[in-house]
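Atom set for the values below is all heavy atoms of this structure, side chains included, hydrogens, waters and symmetry mates excluded. The structure displayed is predicted, hence computed values, not measured ones.
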Amino acid sequence: MEVVTTPGATVTAPADTVVNLARCRHPAVARVAADALLRIGDCSPDLLMHTNEARHSKRGRAAARWPLSTATPVPESAFETLSLLAIEWLGFEVPELQVSIRGADGTDYRVDCFWRSSGIVGEADGRSKYVMNEQPPEHAVWEEKLREDALRRNVAGFARWTWHALRYPAKLQEILRAAGVPEVRAPQWELLRTLAAIL
C-alpha cells in the first residue's frame, strides 16, 4: 500500500484509499469514491482493479471487484452515481449518461440520463443546481423550466428526482415507471434498503 506524506498528514494514495473503501464499506460508497477518482483523472479502472488484486490479504477482495470494475468517470457528482446505482438495483434499464439532446427550440441540451431505447430523459436534481450561480434562484428555476419544456417536446418521456427519492427507493421506482422507463430485471431490495440507510 502506497503512503503519501503531505504537510501535516500522512495518508494512503488515492487508489489505495478507494480500494480500502471498496473492501470494507457499502458498494455505493466505493462506487462514489471510484467514480470521483476517475473523473478527476488521477487513476484508471485497470489501476484500481490491479491494486485490489495485488493486496496480500484476500479479505474484502471479492466484494471490491464489483464497485471497482463498474466505476466510470461520466457521472458528474455523487448524486448522479448514486442515482445510477439505484436505477440499476430497481431493475430498470441502465441509461446513457451526460447525453446531448436537441430541444424543440434548436438548442442542444446535455441531460443526466437518457434511455435511448424508449426516448426518455432523466434528471437528478439537487438543490445546488438552483443556487450555485450568482443569479436569483427563481431565475434558475425559470431557465430550467424553459429547458425542460424544449426537451419534452422532442422526447417520449421525462423523469426528474431529488435526494428524497434515493432515500425512499420506492418513490424513484414510481417516478421512473410513470415516465415509461423499461424494467428489465427484478429489483434488488436488500441493496436498496442498505443504500437508503447510508444516505
What I want to check is whether the side chains of R23 and N52 have a donor and an acceptor closer together than 3.5 Å.
yes

Any chance [atom1] of [X] has more than 12 other-residue heavy atoms, nucleotides or ligands included, within less than 6.0 Å?
| X | atom1 | value |
| --- | --- | --- |
| R25 | CZ | no |
| R193 | CZ | yes |
| W189 | CH2 | yes |

Salt-bridge criterion met for [X] and [Y] (N-O under 4.0 Å):
| X | Y | value |
| --- | --- | --- |
| D16 | R55 | yes |
| R110 | E76 | yes |
| R185 | E88 | no |
| E174 | K171 | yes |

How are the rings of F79 and W163 set relative to one another: parallel (under 30°), tilted (30 to 60°) or perpendicular (over 60°)?
parallel

Which of K145, R153, R147 passes salt bridge (Lys or Arg N to Asp or Glu O under 4.0 Å) with D149? Answer is K145

Reported [atom1]-to-[atom2] distance for the pair [X] and [Y], which is rounded to 0.5 angstrom:
| X | Y | atom1 | atom2 | result |
| --- | --- | --- | --- | --- |
| R31 | L195 | CZ | CG | 12.0 Å |
| L85 | H26 | CG | NE2 | 9.0 Å |
| L90 | L192 | CG | CG | 4.5 Å |
| R167 | L199 | CZ | CG | 6.0 Å |

Do the non-hydrogen side-chain atoms of [X] and [Y] ever get within less than 4.5 Å of each other?
| X | Y | answer |
| --- | --- | --- |
| T72 | L38 | no |
| L84 | P95 | yes |
| V18 | L68 | yes |
| L97 | E80 | no |

Can Y109 and I101 be said to form a side chain to side chain contact (heavy atoms under 4.5 Å, CB included), step by step?
CA-CA 5 Å; Y109 296 102; I101 297 177; 5.6 Å; no

Under 4.5 Å between side-chain heavy atoms, hopping through other hydrophobics if needed: is there a path connecting V99 to I87?
no

Evaluate the salt bridge (Lys or Arg N to Asp or Glu O under 4.0 Å) criterion for residues R160 and E144: first the C-alpha distance (whole Å), next the side-chain angles of each, then the deciding distance (0.1 Å), finally the verdict.
CA-CA 12 Å; R160 189 183 291 278; E144 184 61 22; 3.1 Å; yes

